[in-house]
Each structure stands twice: as C-alpha cells, then as structure tokens.
Amino acid sequence: MTERPPVPPLPLMGGCACGAVRYRVTARPHAVNACHCKDCQRLAGADAAIFLHLDTPAVTLAQGEIAFYRRTADSGRLIDVARCAACGTRLWHAPLAVPELTLISAGTLDDSGWAIPTSHIWLKRANGTMPPADDTLRYDESPTDRRILWDRFAELYPA
Ligand SMILES: [Zn+2]
Ligand SMILES: [Zn+2]
C-alpha cells in the first residue's frame with residue numbers, strides 16, 4: 001500500500017504564484033483525482049492535472065481578484081476556470097452543470113504533500129510519466145458516476 005499522510009486539519013489554505021490570491025477550504029475533500037485528458041494536460045502543462053473535489057460552499061476566497069475563463073469540454077459542457085487575475089495561476093474550476101462541485105488544483109495548496117491521487121481518469125491519453133500509485137482506481141476514460149471516485153478516497157483517507 002502507498003503511504004498516505006492524513007488530510008491536514010481544516011481549514012486548508014492555498015493561493016496563486018504571485019501571492020495576490022489566497023483561498024480557504026473548510027471541509028474535507030471528496031476525492032483527489034488525476035485527470036489525464038488532453039485539456040487537463042494543456043491546462044496543467046504536464047501529463048495530468050490533480051484536483052480535489054469539494055463542495056462549492058467549502059471553498060472561499062480569502063483575498064485577491066479572480067479572473068474566469070469559460071471553456072467548453074469535449075462533452076460539450078461549460079466549465080468556469082478560476083485564475084488569479086494578476087499572475088494567471090489556475091486555482092479551481094466549476095462545471096456549470098454541477099454548481100455544487102468545485103475542483104481545486106491540488107498543487108495550489110500551501111501543503112499539497114498529502115494529496116496523492118486516489119483515482120486516475122483518461123489514462124488512455126497518459127504518457128506514463130505520472131504512474132498511478134498501486135492502490136488507486138484507474139479508468140481509460142471517465143466513470144459515469146463520480147461517487148465511485150469519492151468512495152475510494154473515503155477508503156484511503158478515513159476521517
Ligand atoms: Zn497571482
Ligand atoms: Zn481532464
């Protein structure tokens with residue numbers, strides 16, 4: 001089994017590269033998911049982007065100004081990507097069809113060391129430079145129900 005440090009005490013704090021934006025997370029995440037789809041590769045500049053799944057009310061802006069970029073996913077769904085208005089760091093995104101869900105870029109957390117993905121999706125696009133840990137869920141594409149990802153997270157990061 002992969003060694004996984006526990007989720008740190010709440011709130012979790014994070015921010016952008018220039019320091020203008022700071023945010024606060026006040027509830028446990030539902031998942032730490034690595035997405036290898038081409039859009040996430042572009043937006044992350046890497047083989048995958050890693051996101052925390054969070055209830056939208058648990059994510060609050062503590063300081064700074066956010067700029068939104070609205071993109072259309074391959075599925076046709078619209079997604080608002082939140083970036084620091086000053087430095088452009090991608091902080092989180094929110095699918096318009098699922099307003100109760102906000103996905104934070106794990107690398108923007110002040111302490112991201114504990115956030116080892118518990119699932120990897122769109123592995124058919126992966127190039128192998130971010131191999132999944134041995135206990136993760138793996139999908140060639142995306143599961144139809146994101147709760148499958150949440151269940152694995154709950155198993156690997158018990159409350
Ligand atoms: Zn910034
Ligand atoms: Zn993706």
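This chain uses plain numbering: 1 for the first residue, then up along the sequence. Just follow the structure's listing: the first ligand is 1, and inside any ligand the first atom is 1. Computed over heavy atoms, backbone and side chain alike; hydrogens, waters and symmetry mates excluded.
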Can you find a side-chain donor-acceptor pair between Thr56 and Thr102 that sits under 3.5 Å?
-> yes
Polar contact flag, side-chain donor to acceptor under 3.5 angstrom, Asn33-Thr118 = no
With the threshold set at 4.0 Å, does a side-chain nitrogen-carboxylate oxygen contact exist between Arg4 and Asp135?
-> yes
Donor-acceptor contact present, side-chain Arg22 to main-chain Gly14, <3.5 Å | yes
Got a sec, which hydrophobics cluster with Ile148, joining ILVMFWY side chains under 4.5 Å apart, including via others?
-> Phe51, Val98, Leu101, Leu103, Ile121, Trp122, Leu137, Tyr139, Leu149, Trp150
Angular separation of Cys16 SG and Cys84 SG about the Zn ion (ligand 1), given to 10° | 110°
Distance-only polar pair, side chains of Asn127 and His36, donor-acceptor under 3.5 Å | no
What angle, in degrees and rounded to 10°, do you get at the Zn ion (ligand 1) when you join it to SG of Cys87 and to SG of Cys18?
-> 110°
How many N, O or S atoms of the protein are nearer than 2.8 Å to the Zn ion (ligand 2)?
-> 3
Determine, for Asp140 against Arg125, whether the closest basic-nitrogen to carboxylate-oxygen distance falls under 4.0 angstrom.
-> no
